[in-house]
Every structure is written in C-alpha cells, then in structure tokens.
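First up is the structure itself, then whatever we jot down about it.
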Number of protein chains: 2
Amino acid sequence: MTNPADFYTPYADRFKLLGHPVRLQILDDLRRNPECVCHLEAALRRPQPYISQQLRVLREAGVVADRKDGLNVYYHLVDPQTATLLNAALGPVLPETRNLREKLPDCTCPKCAPPLVAEITLVES
Amino acid sequence: MTNPADFYTPYADRFKLLGHPVRLQILDDLRRNPECVCHLEAALRRPQPYISQQLRVLREAGVVADRKDGLNVYYHLVDPQTATLLNAALGPVLPETRNLREKLPDCTCPKCAPPLVAEITLVES
DNA sequence: TGTGCATATTTGGCAAATCGCATATGATAC
DNA sequence: GTATCATATGCGATTTGCCAAATATGCACA
C-alpha cells in the first residue's frame, strides 16, 4: 500500500534542493545569467570542489544543465518550476540585473577578465 | 566578516521546512482549513507523537499556530509567505476544497465524528 | 482526587547531508 | 609527448535530520 505522503515527495524533494543557502545563491545567480564555475566560485567565495559538488546535486536533480565553452563550463537554469519557486520566494529578477555580468576580480574566465593589454616596463640596462 | 550566503539563509530555512513530505502535506491540509491533531493523525496515518513533532517544528518556525478548543488543539497556517510558496508549488487551493472538512473514520474529534445516535438492537431474551 | 483523553516531550539509534581536502579527469597549449 | 588550466570526483569526519517508542503533561469530568 502506498503511503499518502508519497504524492508530496517530489514536491518536498524540490523544496529540499532549495533549502540550502549555497545552492539557493547559485540558483539565484543562474536565473539571471548562465555562469561558469569560476564565476560562482568567486561570487560565493567557496572552494571550487565545494561549488562543483553543489552543482552536481543541482544537475542530477535536473534543475540546471551545463555547456562547455573553451576551457570553461557554463551552467544555466533549465527547470521552469524552480524558477517559479525562486520568484515566489526571492521576488522576480529585477530587469536591470538580468544578463548583467558583474566583473569579479577573482574570476579568470574570459567573460570576466578584462582583455589583456601589453604592459611594458622600461628598465635601465 | 559576514558570509555572502548569509542573505540566503532565511529563505533556505523556509525551503528546508517545506522539504519534507509529511510537513508539506500538513501544510497543504492546513491552508484549506484549521485542523486538529487527531485529524492530521488520521489523514496522514502516522503515529500521534510523530505528527506532534512535525507540528512543533512548524510552530517553532512561526509557520503555524495552535488554538485550543475543548479537548482538542487546532492548528492553522499563519505565515503568508509559506502560503505563497505552497501556491507556487502545489497550485492554488481549489475553492471547492476550501473549508471542506472531510469526515475521517479514524478521527474522533467532535468536528469529525458524526453525532451519536442511539442504536438499539433487539435480541431474544 | 482520581481517571481518561488529547496532545506534547524526551530519548536514542540510525541514515543522510554537509563540507574540507586530496586527487582525478579532460581539454588545450607548448 | 608534458605542462597547465578549469572542473570533477572520491573519501572521511562531523553534523544534522528522521522516526520510533516510551513517557510526560494538562485538562475535563466524575
């Protein structure tokens, strides 16, 4: 006999996924813009393996997906139901923050780092 | 120095609260109608101490409140933000199920039990 | 004052989540 | 090939959550 609460388990699982401050912040970032791991690492100030672990949890739950671009891996939000919950909890994304990629000094990805310019220092020979 | 994710902790805590099938079902019941513990016990088919424990978690989080009425204790939803999340996840309450108290055969509270009528059986003496 | 009823709390064992750290993978540049 | 860079995975220790069972509280009524 199936348990009456089984109906609620998938919903509870999604809530549980959001019930973690780091994952929640990652999702709040990703709903504005796809981001690479190094960007999240810099924004959250957590070690890279830890970010990667949480991204795996989100990926295996089908909430985010990744796309390689050169050396970097960009994650983006794919689950509309999760976006709905984020809107309900955190409010809708402010239009002026959507697709706005802030430059993080600790992020080295090509979309963050300013293009390199030659820097020549003259010294006495 | 405060952690950047601290901003998200209160939101994550609320999600965590909903991230449990039994608590979620309790809240889904309570958003329709205040219910006594015995009613939830019968609806969820779980032992009474277990229901009471989950109610305590919800109560201490400020999501539900209780009101005594005679021998029974009725719980009701008090947090509008939680109601918003329930709507976003489970959909709005169908109007025809609001304030509809189903009679549960295992619930003995006065609002559930049909009023007693005399039942007289004649037997041969 | 005792007895019964509805609900609450405590305790404890076990499973799962969390998170730090070491290391592996896989692609690119040299 | 080797080195390097971004990211992923594995492992272990600690913490937290879950749930069952026993017991406690508190109130109403006789």
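Letters A, B, ... mirror the listed sequences (proteins, then strands); counts begin at 1. Worth saying up front: this structure is predicted, and the values here are computed from it rather than measured.
For the pair A/Leu40 and A/Leu55, the minimum side-chain heavy-atom distance is below 4.5 Å. When side chains are defined from C-beta on, B/Asp79 counts as touching B/Arg14, because their heavy atoms get closer than 4.5 Å. Under the 4.5 Å side-chain criterion, counting only non-hydrogen atoms from C-beta, B/Arg31 is in contact with B/Leu90.
For the pair A/Phe15 CZ and D/dG17 C1', the computed distance is 18 Å after rounding to whole Å. The separation between A/Ile51 atom CD1 and C/dG20 atom C1' is 13 Å, rounded to whole Å. The distance between atom OH of A/Tyr74 and atom P of D/dA8, rounded to the nearest whole Å, is 13 Å. When the P atom of D/dA8 is taken as reference, atom CZ of A/Arg46 falls 18 Å away, rounded to whole Å. Straight-line distance from the NE2 atom of B/His20 to the P atom of D/dG17: 11 Å, rounded to whole Å. Atom CD in A/Gln48 sits roughly 11 Å away from atom C1' in C/dT23 (whole-Å rounding). If you measure from atom CG of A/Leu44 to atom P of C/dT18, you get 15 Å, rounded to the nearest angstrom. For the pair A/Arg23 CZ and C/dT18 C1', the interatomic distance rounds to 9 Å; values are reported in whole Å.
Taking for each of A/Lys68 and B/Tyr75 the nucleotide of DNA chain C with the nearest heavy atom, the 5'-most of the two is the partner of B/Tyr75. Residue-to-nucleotide proximity on DNA chain D shows that, of A/Val73 and A/Lys16, the 5′-proximal contact is made by A/Val73.
Candidate nucleotides D/dA8, C/dA8, D/dA6 were compared by shortest atom distance to the side chain of B/Ser52, and C/dA8 ranks first. Picking from D/dT7, C/dA6, C/dT7 the nucleotide with the shortest atom distance to the side chain of B/Cys38 gives C/dT7. Distances from the side chain of B/Pro49 to the nucleotides C/dT7, D/dA21, D/dC18 place D/dA21 closest. In the set D/dC5, C/dA6, C/dT18, D/dC5 carries the atom at the smallest distance from any side-chain atom of A/Leu71.
Of the possible donor and acceptor atoms, none in the side chain of A/Gln25 sits under 3.5 Å from a partner among the backbone N and O of A/His20.
For B/Tyr50 and D/dC19, the shortest distance from a side-chain N or O to OP1 or OP2 is below 4.0 Å. Not one side-chain nitrogen or oxygen of A/His39 sits closer than 4.0 Å to the OP1 or OP2 atom of D/dA6.
Against DNA chain D, the stretch residues 53-67 of chain A makes heavy-atom approaches under 4.0 Å through A/Gln53, A/Arg56, A/Arg59.
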